Protein chains: 2
Amino acid sequence: MNQWDDFRYFLALQRNMTLKASARELKVDQATVGRRIQTLEDSLGTQLFEKRSDGYFLTLAGERVLPTLKALEEGIHSVERLIAGQEERIEGIVKIAMPGALANHWLIPKLQPFIQKHSQIKFEFLTGPEAVNLSRREADLAIRLVRPTQRDLVVKKIGEIQLSLYGHPSLFTSTRRPATKEDLKKFPFIGLFPNSMSELEKQLLKKIEPHLHCTIRSGAWSSVFYSIQSGLGIGILPSFLAERDSKLVQLQVIESGRTPLWLVAHPDIVHSARVRAVIDYVITALK
Amino acid sequence: MNQWDDFRYFLALQRNMTLKASARELKVDQATVGRRIQTLEDSLGTQLFEKRSDGYFLTLAGERVLPTLKALEEGIHSVERLIAGQEERIEGIVKIAMPGALANHWLIPKLQPFIQKHSQIKFEFLTGPEAVNLSRREADLAIRLVRPTQRDLVVKKIGEIQLSLYGHPSLFTSTRRPATKEDLKKFPFIGLFPNSMSELEKQLLKKIEPHLHCTIRSGAWSSVFYSIQSGLGIGILPSFLAERDSKLVQLQVIESGRTPLWLVAHPDIVHSARVRAVIDYVITALK
DNA sequence: ATACATGTCTGTAAATATGCATTTTGTAAA
DNA sequence: TTTACAAAATGCATATTTACAGACATGTAT
């Protein structure tokens with residue numbers, strides 16, 4: 001066996017089921033995936049996949065080697081992390097995955113002193129809705145509203161976010177401000193997708209759920225903010241965002257609450273001097 | 001990191017120190033090794049090797065990832081074994097590593113019934129002096145005189161070899177047969193290289209060591225046999241070999257002894273039906 | 001049925017990696 | 001120093017691998 005790289009194709013095909021999807025993941029042509037899987041099977045002398053109408057499925061032999069190969073993949077990732085984690089100069093790129101609104105209106109405004117001190121560090125923000133995998137080093141750090149369950153990550157609470165219910169004054173010209181949960185019925189509700197919500201937000205919503213008719217859902221706070229600002233309805237927002245428009249009124253129908261903010265990193269990475277510097281700044285200066 | 005194969009080059013270079021030696025191991029050109037190591041270092045953004053006058057040496061970063069990569073290599077080998085070990089048809093090649101004389105005069109003569117029963121199995125014998133690595137599946141089975149220390153191999157005693165001191169009658173025409181250890185001085189001694197010897201053989205030799213002047217050393221019993229048969233001197237031989245020449249006389253100066261014969265295999269491999277069949281035959285029919 | 005979307009297979013041109021021959025470098029002996 | 005030698009780097013021709021494009025297959029909604 002002298003084509004270790006083929007095992008990457010094996011794992012991708014096993015995950016994605018089809019040549020085309022795997023090709024997308026591996027950033028190669030679909031024909032290449034097919035041919036390399038063929039090569040691998042030939043050189044092992046065994047069929048690893050069974051081709052069915054709905055995709056490629058592991059044979060018994062494939063199932064047998066899968067756990068070992070998954071472990072190998074994890075090993076490769078750990079090599080990358082070990083390399084990235086041993087960097088001792090405070091320079092280079094630090095990738096941070098976090099909610100976009102939090103980056104734009106909470107972290108970035110406070111970053112000036114750090115950037116002046118460490119001019120060699122460049123930032124990259126991953127604010128997309130996709131879950132970012134720190135084990136695969138898709139980012140160096142993540143700032144999250146939900147505490148990750150994964151065992152091997154280091155997690156630190158770095159602050160709290162205040163969540164309250166808001167509406168734009170224009171909403172309340174024809175209808176008076178809601179005072180009871182019953183009143184909420186009269187206003188369209190604008191909210192996040194459930195998987196983007198913090199635990200607290202879910203709790204708050206549970207209390208008023210039966211009275212809501214949700215008109216807009218989004219994966220990002222900023223679009224919730226702009227929807228509310230445009231008078232499209234009411235919704236829950238973090239205070240740092242709501243405060244950007246002084247006209248927005250906080251509705252006392254439900255109590256506001258505070259949800260913790262978690263800084264998450266992989267232990268292999270925090271040894272890197274540049275990541276360490278960012279972590280320290282976030283922890284001390286921003287708390 | 002999307003070039004897993006480069007890690008193979010890393011490990012080879014780490015083992016062999018020079019590009020040229022690594023190229024030999026990997027069966028590629030020396031230039032290729034150099035270029036791929038360069039690629040790997042570029043893509044990791046880190047120097048892994050320090051080029052010194054006497055070869056390539058790991059940098060601190062290289063040292064840091066070495067253990068992980070060694071584990072990965074072991075994982076790759078285990079994949080090969082898992083695939084080979086799951087074969088359920090009694091057909092294909094079975095590679096056996098064993099001393100050449102033992103193969104030629106002990107195993108092969110007894111193989112006829114097995115081959116008639118399992119005509120689909122083909123044998124390959126590795127009788128060279130090189131140590132064969134079963135973990136890397138350089139052979140399916142090994143038959144050895146020294147019990148392997150490696151933990152993860154399955155070992156079974158399949159018989160015993162009788163070792164005695166022999167000489168050819170032509171030696172004793174001018175000088176009479178040796179009767180005491182002192183007498184042995186008068187005859188040239190023909191022996192194996194120490195690392196080919198069984199424990200017993202070393203013990204036997206220790207007793208007469210001071211009286212020996214060794215004229216011929218070999219890694220294989222057969223050349224010891226032919227040397228003795230040609231009257232070049234005396235030496236220790238297994239009885240099955242010595243008996244091939246009825247004229248050879250056994251010298252009672254030192255007692256003869258029996259040394260165990262070990263059948264060794266990797267647990268992943270013994271699940272393979274064809275290897276299982278050979279193992280069972282060797283154990284039952286040849287005991 | 002028909003059109004459409006999705007995925008796979010195959011042949012070919014282009015990109016890429018490799019081997020080979022040659023030059024360069026570094027080290028030790030004369 | 002020169003000379004000799006082994007290993008490594010370099011340039012170029014060649015072999016291999018890849019992407020691309022179009023044909024083909026299959027399943028799905030109209």
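Here is the naming used below: chain letters follow the sequence lines, and residue numbers restart at 1 for every chain. These figures come from a predicted structure and were not determined experimentally. Atom set for the values below is all heavy atoms of this structure, side chains included, hydrogens, waters and symmetry mates excluded.
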**Asked** Axis-to-axis angle across the helix from dA1(C)-dT30(D) to dA30(C)-dT1(D), five pairs an end, to 10 degrees?
**Response**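 End axes: 30° apart.
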Relative to Trp262(A), does Arg147(A) satisfy both conditions: NZ or CZ under 6.0 angstrom from the six-membered ring centre, and within 45 degrees of the ring's axis?
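Arg147(A) over Trp262(A) ring: yes.
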Looking only at atom types and distance, does a side-chain atom of Ser227(B) sit under 3.5 Å from a main-chain N or O of Ser223(B), one as donor and one as acceptor?
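Confirmed, Ser227(B) side chain pairs with Ser223(B) backbone.
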*Would a distance-only check, ignoring hydrogens and angles, find a side-chain to backbone donor-acceptor pair under 3.5 Å from Gln3(A) to Leu40(A)?*
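Here the side-chain-to-backbone pair does not exist.
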| said: Let's see if you get this right: which residues in residues 49-59 of chain B place a heavy atom under 4.0 Å from DNA chain C? | reply: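 Within this stretch, Ser53(B) sit under 4.0 Å of the strand.
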- Heavy atom of residues 12-23 of chain A under 4.0 Å from DNA chain C: which residues?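 Contacts with DNA chain C under 4.0 Å: Thr18(A), Leu19(A), Lys20(A).
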Notebook entry, point to check: With a 4.5 Å heavy-atom cut-off, do Met17(A) and Tyr56(A) have their side chains touching?
Noted result: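 A side-chain contact under 4.5 Å is absent here.
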Practice item. Walk along DNA chain D from 5' to 3' and tell me the first and last nucleotide with an atom closer than 4.0 Å to a non-hydrogen atom of chain B. Key: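 Footprint of chain B along DNA chain D, 5' to 3': dA7(D) to dG11(D).
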>> Evaluate Asp268(B) against Arg137(B) for salt bridge (Lys or Arg N to Asp or Glu O under 4.0 Å), listing each step before the verdict.
In response: CA-CA 10 Å; Asp268(B) 291 346; Arg137(B) 213 180 147 238; over 6 Å; no
query = Between Ser135(A) and Gln150(A), does any side-chain donor sit less than 3.5 Å from a side-chain acceptor?
reply =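 Result is yes, a qualifying pair exists.
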For nucleotides 15-19 of chain C, print each protein N/O atom paired with a nucleotide N/O atom at under 3.5 Å, atom names and distance only.
| from | atom 1 | to | atom 2 | distance (Å) |
| --- | --- | --- | --- | --- |
| dT18(C) | OP1 | Arg36(B) | NH1 | 3.1 |
| dG19(C) | OP2 | Asp29(B) | N | 2.8 |
| dG19(C) | OP2 | Thr32(B) | OG1 | 2.6 |
| dG19(C) | N7 | Arg35(B) | NH2 | 3.1 |
| dG19(C) | O6 | Arg35(B) | NH1 | 3.4 |
| dG19(C) | O6 | Arg35(B) | NH2 | 3.4 |

Requested in this report: Could you give me the CA-CA distance, side-chain angles and deciding distance for Glu25(A) and Arg15(A), then say whether salt bridge (Lys or Arg N to Asp or Glu O under 4.0 Å) is met?
Outcome: CA-CA 10 Å; Glu25(A) 178 186 322; Arg15(A) 270 194 294 272; 2.9 Å; yes
Listed partners of Tyr9(A) passing ring-ring contact (aromatic ring centres under 6.0 Å, His included), at least two apart:
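None.
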